[in-house]
Amino acid sequence: MAAGLLILYGVLVILLLLYYYLSSIHNFWKDRGIPGPQPTLIFGNLRPVTFGKMSFGETIKQMYNEYKHVPVFGIFEGNTPILVVNDLDMIKDVLIRDFSLFADRGMPMFPKVEPLVENLINLEPERWRPLRTKLSPVFTSGKMRDMFHLMVECGQHLEEYLHKIVSNDEPIECGELAAKFTTDVIGSCVFGISMNSLSDEDSKFRTMGRQVFAPSVQTFMRDNCRQLFPSLYNLVGYIFQPHYITDFFKSVVVDTMNYREKNNIIRPDFINMLMELKKNPHCLENIKLTDSLLSAQALVFFLAGFETSSTTMSHSLYELAMNNDIQDKLRNEIRENFAQHGETLTYERVKQMKYLDWVFRETLRKYPIVPVLMRKVCANYTFKGTNSTIPKGTKIWIPVYGIHLNPEIFSKPEVFDPERFTKDAVSARHPMSYLAFGEGPRNCVGARFAFYQSKVGLISILRKYRVDVCEKTTIPYESASHTQLLTLKGGFVLKITKVE
């Protein structure tokens with residue numbers, strides 16, 4: 001009996017010490033005089049995200065709305081302190097003026113657990129800088145012009161596919177439609193591979209891409225273990241990985257490079273750039289160019305390239321379906337361009353379509369695919385003109401979704417209004433008020449590619465077809481809670497009909 005009481009008391013003491021330790025961690029921001037919402041034990045301020053009650057973007061936007069009138073506020077990702085920066089001038093310091101101190105995204109990497117995690121999005125500055133320098137030329141305007149005809153070809157396939165499925169007179173899941181198109185574009189333009197997502201319902205690439213972003217119990221456990229218990233994840237995270245997906249993409253990249261080398265095939269695409277790096281490893285000092293590292297760069301361009309652009313296209317179609325006047329105006333611009341210049345769409349002609357550009361930018365204003373930008377400071381740092389000092393290693397989050405929907409920055413932010421992006425309107429706003437592709441040296445390297453593949457897709461659909469809401473369309477908008485990317489819960493189900 002006495003031994004049992006001693007054990008019970010011992011357990012209680014351990015629990016009390018653990019409680020004290022965890023609660024004392026949560027005094028981090030209070031001790032520095034920085035306001036913020038009250039965290040909970042273990043989960044910090046992201047409990048709704050952890051349990052799938054609210055999307056990551058909505059959770060941060062909700063906290064931003066509560067604290068947007070202060071320059072910064074502090075939250076916790078589990079037990080990790082995060083500084084959320086609201087002030088636009090301070091954001092400019094982080095992303096541009098003092099970029100050298102904030103070059104790290106602060107993304108935890110577990111290469112032994114996740115073999116293809118070491119990509120341009122996640123890499124620490126030491127390897128990111130030289131790799132970015134060597135890989136970014138594949139997305140220059142010159143390279144875009146060279147590959148543009150491949151985008152147009154995929155757009156023609158999209159039109160042909162629409163002609164078949166529209167005749168069924170059934171609502172269409174436009175997210176899946178757009179993902180098939182962008183998968184084919186990425187395959188053709190970046191990898192030199194025909195992925196056949198539109199023509200083949202069983203396309204291996206589309207199947208793999210779909211499974212990467214599909215919610216599952218395994219994904220839920222993996223993401224929460226990585227976030228809340230990183231040390232444990234580094235030991236056991238291997239069991240949560242979809243190894244068949246990473247093995248598939250790694251073999252595709254390696255086999256493609258080997259085939260091209262054997263047959264002396266040269267194409268102006270991303271795979272060729274990786275091959276050049278492999279042949280000349282001396283150009284990247286202190287970086288070991290393994291097949292895994294090279295495959296990781298290819299995989300992230302495939303996944304980010306098809307998912308972000310297809311979701312942006314889907315958000316555009318969703319808003320155009322609810323705003324027929326804007327849709328008609330955009331279709332008129334597209335048709336007038338074709339009537340004036342003929343059937344062959346060119347890179348320069350897409351640049352001429354100003355209203356299309358405004359629609360695209362307004363889509364990303366209202367629905368930024370990446371709702372939060374992440375950075376980590378590499379030294380003790382005091383924000384200019386403030387007493388806010390943060391220690392080395394502190395993570396910084398920039399609440400893009402909240403900023404884009406702030407009525408003090410964008411009047412009536414819930415209204416879809418492409419006119420916000422006229423030249424005069426843009427020049428009147430703070431340059432950090434629109435962060436759809438990030439800003440500064442570590443912005444999205446594939447932004448230009450995303451612009452053009454999304455626009456070609458929209459042109460291919462809207463020139464001859466009309467999108468409308470139907471009884472299965474999710475209205476009002478509710479973001480899906482299973483992903484950190486911003487997307488519509490239940491999918492983008494719309495009615496598409498042919499127009500003369």
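Predicted, not measured: the structure shown is a model, and the values here were computed from it.
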Check: Tyr434 ring centre within less than 6.0 Å of Phe421 ring centre:
yes

Ring pair (Phe, Tyr, Trp, His ring centres under 6.0 Å) between Phe451 and Phe437, intermediate numbers included
CA-CA 10 Å; Phe451 265 70; Phe437 287 99; 5.3 Å; yes

Any donor and acceptor pair, going by atom type alone, linking the side chain of Ser427 with main-chain N or O of Lys423 inside 3.5 Å?
yes

Salt bridge (charged side-chain N to carboxylate O under 4.0 Å, His left out) against Lys464, all qualifying residues, sequence neighbours excluded:
Glu159

Side chain Asn323, main chain Ile326, donor-acceptor under 3.5 Å
no

Would you please test Asp328 and Arg466 for salt bridge (Lys or Arg N to Asp or Glu O under 4.0 Å) and show each step?
CA-CA 9 Å; Asp328 291 341; Arg466 178 184 185 85; 3.1 Å; yes

Output, in order, the C-alpha distance, side-chain angles, deciding distance and verdict of salt bridge (Lys or Arg N to Asp or Glu O under 4.0 Å) for Arg226 and Glu114.
CA-CA 11 Å; Arg226 185 198 292 120; Glu114 301 169 329; 2.5 Å; yes

Can any side-chain N or O of Gln327 pair as donor or acceptor with the backbone N or O of Val467 at less than 3.5 Å?
yes

Return yes when atom CE of Met109 has more than 12 non-hydrogen atoms of other residues, nucleotides or ligands closer than 6.0 Å, and no otherwise.
yes

Without swapping roles, check the side chain of Glu173 against the backbone of Gly175 for a donor-acceptor pair under 3.5 Å.
yes

Looking only at the side chains, is there a donor atom on one of Tyr355 and Asn332 sitting less than 3.5 Å from an acceptor on the other?
no

Glu333 side chain to Leu356 backbone, donor-acceptor under 3.5 Å:
yes

Can the ring centres of Phe306 and Phe181 be said to be less than 6.0 Å apart?
no

Using a strict 4.0 Å threshold on nitrogen-to-oxygen distance, state whether Arg129 and Glu126 make a salt bridge.
no

Side-chain touch Ile496/Leu177, heavy atoms, less than 4.5 angstrom
yes

The side chain to side chain donor-acceptor pair (under 3.5 Å) partner of Thr363 among Ser454, Ser314, Ser316 is Ser316

Exactly one candidate in Trp29, Tyr381, Trp397, Phe73 meets side chain to side chain contact (heavy atoms under 4.5 Å, CB included) with Leu83; the answer is Trp29

From the list Asp87, Asp89, Ile34, side chain to side chain contact (heavy atoms under 4.5 Å, CB included) with Pro71 holds only for Asp87

Which is it for Lys329 and Glu419 under the salt bridge (Lys or Arg N to Asp or Glu O under 4.0 Å) test, yes or no, and what are the steps along the way?
CA-CA 12 Å; Lys329 185 173 180 178; Glu419 304 288 335; 3.2 Å; yes

For Lys384, look at atom NZ and say whether over 12 heavy atoms of other residues, nucleotides or ligands are found less than 6.0 Å away.
yes

Take atom CD of Gln62 as the centre, draw a 6.0 Å sphere, and report whether it contains more than 12 heavy atoms from other residues, nucleotides or ligands.
no

Under 6.0 Å from the six-membered ring centre of Phe338 and within 45° of its axis: does the NZ or CZ of Arg349 meet both?
yes

Thr311 side chain vs Thr308 backbone, donor-acceptor pair below 3.5 Å:
no

Is the His404 ring parallel, tilted or perpendicular to the Phe410 ring (thresholds 30°, 60°)?
perpendicular

Name all residues meeting the side chain to side chain donor-acceptor pair (under 3.5 Å) criterion together with Arg132; count only those two or more places apart in sequence or in a different chain, and write none if there are none.
Asn443

For Arg331 and Leu462, indicate whether the former's side chain and the latter's backbone hold a donor-acceptor pair under 3.5 Å.
yes

Hits for salt bridge (charged side-chain N to carboxylate O under 4.0 Å, His left out) against Arg365, two or more places apart or cross-chain, chain-then-number order -> Glu362

Is a side-chain N or O of Asn122 found less than 3.5 angstrom from the main chain of Val117, in a donor-acceptor match?
yes

Mind running side chain to side chain contact (heavy atoms under 4.5 Å, CB included) on Phe240 and Cys225 for me, showing each step along the way?
CA-CA 10 Å; Phe240 299 129; Cys225 185; 4.3 Å; yes

So do the side chains of Tyr67 and Pro37 get within less than 4.5 Å of each other, counting heavy atoms only?
yes

I want to check something: taking the side chain as every heavy atom from C-beta on, are Lys495 and Ile172 in contact at a cut-off of under 4.5 Å?
no

Can you confirm whether more than 12 heavy atoms, excluding those of Asn387, are under 6.0 Å from its CG atom?
no

Any side-chain heavy-atom pair of Pro399 and Lys68 under 4.5 Å
no

For Glu348, what residues pass the salt bridge (charged side-chain N to carboxylate O under 4.0 Å, His left out) criterion, not counting sequence neighbours?
Arg145

Show me, pair by pair, the donor-acceptor contacts under 3.5 angstrom made by side chains of residues 146-157, not counting sequence neighbours?
| unit_1 | atom_1 | unit_2 | atom_2 | d |
| --- | --- | --- | --- | --- |
| His149 | ND1 | Asp146 | O | 3.1 |

State whether Lys366 and Glu414 are salt-bridged, where the test is any N-O pair (Lys NZ or Arg NE/NH1/NH2 against Asp/Glu carboxylate O) under 4.0 Å.
no

From CA spacing to verdict: side chain to side chain contact (heavy atoms under 4.5 Å, CB included), Val72, Asn86
CA-CA 6 Å; Val72 297; Asn86 299 333; over 6 Å; no

Salt bridge flag under 4.0 Å for residues Lys354 and Asp357:
no

Are the aromatic rings of Tyr477 and Tyr367 close, with centres under 6.0 Å apart?
yes

Between Glu176 and Arg206, is there a side-chain N and carboxylate O pair less than 4.0 Å apart?
yes

Backbone N/O of Gly44 and side chain of Asn79: donor-acceptor pair under 3.5 Å
no

Results of ring-ring contact (aromatic ring centres under 6.0 Å, His included) for Tyr452 - residues two or more places apart only:
Tyr347

Run the ring-centre check on Phe43 versus Phe51 and record whether the distance is less than 6.0 Å.
yes

Output yes when a side-chain donor or acceptor of Thr473 lies under 3.5 Å from a complementary backbone atom of Val493, and no otherwise.
yes

Please examine the side chains of Leu486 and Tyr401, heavy atoms only from C-beta on, and report whether any two atoms are closer than 4.5 Å.
yes

Stepwise ring pair (Phe, Tyr, Trp, His ring centres under 6.0 Å) check, Phe139 with Phe301
CA-CA 11 Å; Phe139 297 107; Phe301 275 108; 5.0 Å; yes

